[in-house]
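Following: one structure in structure tokens, then a few remarks.
Quick note: numbers below take in every heavy atom, side chains included, and nothing from hydrogens, waters or symmetry partners.
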Amino acid sequence: MKFDIPRFKTPWKISLEDHYQTPATLEFAAKYATGSREAWQRLSSNLLDFTKQRLEQMDQTGVELAILSLAPGTENIYDKRRSIEVARRSNDAVADAMRKNPDRFLSFAALPLQDPEEAIKELARCVKELGFVGALISGFSQIGEEDTSYYLDIPMFRQFWAEVEKLDVPVYLHPREPLLSQQKPYEGHPWLLGAAWAFGVETATHALRLIGSGLFDQYPGLRIILGHLGEGLPFSIWRFEHRNELDPRGMNLKKKASVYFYENFYVTTSGNFRTQALINTILEMGADRILYSTDYPYESMVECEEWFRTVDISLEDQIKIGRLNTRKLLKLETRLAKLPKAA
Ligand code: ZN
């Protein structure tokens, strides 16, 4: 690895939303290729790669370490047994990539939430045996039938969350497309689907379900990471709280809704390279809760780094967001003691 340190205002960064696929799961990503055949070839090659262009771009943009994750993941495999198998095989494949490049890759586990007991076992295996640093879950799970959506706040997942808290690892709540049967508001407007709009609405709603359900009163140690500068929530959490204080409609929490957002959530810069939005997020949550990320290969590492290095915030905050907050959150100090220190 060759870092040209003076090029980077923040010489080393850690990125938490870096996706991969295996040949067995590549089909999930097909609909996210933008347009041409060439675009799909490029995207699929980037998703499958662990040794070449991914590392080259990390070197080029000063990313010392990427936390890899399967996305789209196993949440859309409504056959239970297959979801268990695919999660396990994907985790084994990425564990192999970690072993080959231990100072450049770590991973979030893919989990078969279709069977919460199995998801608990797989997360424990990944964290305790394979050295993973948490899990990435792409939204609701489909179980048994295609037109089903099981959100993570419902009672069947409470034991899962108890184990997550015990293992003391964060969960990255990643977007996914709403079910076809739930896409009525988007009918005739395909440009509203996917990362442009529907992902954010879907994921922000899911995060608010977690807050409103009292999950964090029950398991206060949970830490949830949201991408895309918090899927719009830093901008709208005050209004959510304000309206529910006037009329709680059954929401019964020990703390103000925004406090859970500030205490139990982190957000990353993935796919939202916008200074105004970042500054709003810093004002709302503080710089200690924001983590550098790209959303590679659906977004460009180069575009992300070119934006981040010119962002008009203090160097101290830039270094925190770039790497220090993540080192703390993922307890990387001991694991990465051999890596060079930040400038
Ligand atoms: Zn992503």
Side-chain angles (χ1 to χ4, degrees), residues 16-17 67 69 108-109 111 113 116 119-120 123 127 132-140 151-175 200 202-245 248 250-270 272 280-293 320-321 324-332:
L16 295 96
E17 199 181 322
I67 319 298
S69 54
F108 287 127
L111 298 177
L113 272 310
I120 290 169
L123 180 60
V127 171
F132 286 24
V133 290
L136 181 137
I137 301 175
S138 289
F140 61 84
Y151 285 84
L152 293 161
D153 57 283
I154 62 177
M156 68 180 269
F157 293 119
R158 288 295 153 126
Q159 196 49 42
F160 167 74
W161 286 118
E163 297 300 320
V164 171
E165 191 186 50
K166 239 185 262 170
L167 285 168
D168 196 21
V169 290
V171 166
Y172 203 123
L173 182 62
H174 184 266
E202 174 65 37
T203 313
T205 307
H206 199 160
L208 292 176
R209 286 181 64 132
L210 298 184
I211 291 175
S213 72
L215 180 69
F216 304 109
D217 285 333
Q218 199 173 355
Y219 305 112
L222 292 177
R223 286 152 304 152
I224 308 294
I225 307 169
L226 294 174
H228 317 104
L229 287 175
E231 313 290 1
L233 288 178
F235 192 81
S236 49
I237 191 71
W238 183 88
R239 182 160 162 77
F240 173 81
E241 176 178 284
H242 171 65
R243 294 309 307 176
N244 279 295
E245 280 180 348
M251 200 170 82
N252 181 21
L253 301 174
K254 288 185 184 161
K255 304 176 198 167
K256 285 160 104 44
S258 63
V259 173
Y260 301 96
F261 190 58
Y262 306 143
E263 291 183 352
N264 297 96
F265 284 78
Y266 289 78
V267 307
T268 77
T269 61
S270 67
N272 199 345
N280 172 60
T281 309
I282 293 173
L283 288 172
E284 201 58 56
M285 308 180 75
D288 292 354
R289 292 266 156 186
I290 305 171
L291 318 167
Y292 181 86
S293 291
K320 274 189 190 174
I321 294 169
L324 294 184
N325 295 340
T326 302
R327 286 178 78 95
K328 217 162 138 187
L329 173 65
L330 302 182
K331 301 187 176 71
L332 298 183

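Taking 4.5 Å as the limit, every side-chain heavy atom of Tyr292 sits out of range of all side-chain heavy atoms of Asn325. Counting only heavy atoms from C-beta outward, the side chains of Ser236 and Glu231 never approach each other to under 4.5 Å. Counting heavy atoms from C-beta outward, Met285 and Phe261 have side chains that approach closer than 4.5 Å. Side-chain atoms of Asp168 and Arg223, non-hydrogen and from C-beta on, do get closer than 4.5 Å to each other. Considering only heavy atoms from C-beta on, Val169 stays 4.5 Å or farther from Val133 through its side chain. Taking the side chain as every heavy atom from C-beta outward, Tyr260 and Leu253 approach each other to under 4.5 Å. For the pair Leu173 and His206, the minimum side-chain heavy-atom distance is below 4.5 Å. Arg243 is not listed as a side-chain neighbour of Trp238, based on a closest heavy-atom distance of 4.5 Å or more.
For Gly139 against Leu152, the heavy-atom pair with the smallest separation is O-CD1, 4.4 Å. Ser69 and Leu136 get closest at one heavy-atom pair: OG-CD1, 3.5 Å. Of all the heavy atoms in Phe108 and Leu16, the pair that sits closest is CE1-O, 3.5 Å. The two residues Phe240 and Ala257 come nearest to each other via the heavy atoms CE2-CB, 3.8 Å. Across all non-hydrogen atoms, the minimal contact from Ala207 to Leu233 is CB-CD1, 3.8 Å. When every heavy atom of Arg209 is checked against every heavy atom of Ile154, the shortest pair comes out as NH2-CG2, 3.8 Å.
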Requested in this report: Using the side chain to side chain contact (heavy atoms under 4.5 Å, CB included) rule, take Thr268 and Ile290 through it: C-alpha gap first, then chi angles, then the decisive distance, then the call.
Outcome: CA-CA 5 Å; Thr268 77; Ile290 305 171; over 6 Å; no
Query raised in the report: Are Trp161 and Val171 close enough, and set up right, to give a side chain to side chain contact (heavy atoms under 4.5 Å, CB included), and what steps lead you there?
Result: CA-CA 10 Å; Trp161 286 118; Val171 166; 3.9 Å; yes
**Report entry** Steps toward side chain to side chain contact (heavy atoms under 4.5 Å, CB included) verdict (Ile224, Tyr172)
**Finding:** CA-CA 6 Å; Ile224 308 294; Tyr172 203 123; over 6 Å; no
Report task. Show your working on side chain to side chain contact (heavy atoms under 4.5 Å, CB included) between Phe160 and Leu111 and close with a plain yes or no. Result -> CA-CA 11 Å; Phe160 167 74; Leu111 298 177; 3.6 Å; yes
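Between the side chains of Glu17 and Ser270, a donor-acceptor pair is found at a separation under 3.5 Å. Checking Glu245 against His242 by side-chain atom types alone, no donor-acceptor pair falls below 3.5 Å.
Between Asp288 and Lys328, no side-chain nitrogen of the basic residue sits less than 4.0 Å from a carboxylate oxygen of the acidic one, so the salt-bridge criterion is not met. Between Lys255 and Asp217 there is no salt bridge, since no side-chain nitrogen of the basic residue lies less than 4.0 Å from a carboxylate oxygen of the acidic one.
In this structure, OG1 on Thr281 lies 10.5 Å from CZ on Phe235, to the nearest 0.5 angstrom. Considering CD1 of Ile282 and NZ of Lys320, their distance stands at 9.5 Å, rounded to 0.5 Å. Atom CZ of Arg289 is separated from atom CG of Leu329 by 8.5 Å, given to the nearest 0.5 angstrom. Atom CE of Met156 and atom CG of Leu113 lie 7.5 Å apart (nearest 0.5 Å). A distance of 11.0 Å separates NE2 of His174 from CG of Leu226, quoted to the nearest 0.5 Å. Atom OG of residue Ser213 and atom CG of residue Leu208 lie 10.5 Å apart, to the nearest 0.5 angstrom.
Phe265 and Phe216 have their aromatic ring centers within a separation under 6.0 angstrom.
No donor-acceptor distance shorter than 3.5 angstrom exists from the side chain of Arg158 to the backbone of Gln218, with no hydrogens or angles considered. Side chain of Asn264 to backbone of Pro220: a donor-acceptor contact under 3.5 angstrom is found.
Heavy-atom contacts from other residues, nucleotides or ligands closer than 6.0 Å to OH of Tyr219 number more than 12.
When each of Leu330, Ile321, Thr326 is paired with Leu291, the side chain to side chain contact (heavy atoms under 4.5 Å, CB included) condition holds for Thr326 and for no other.
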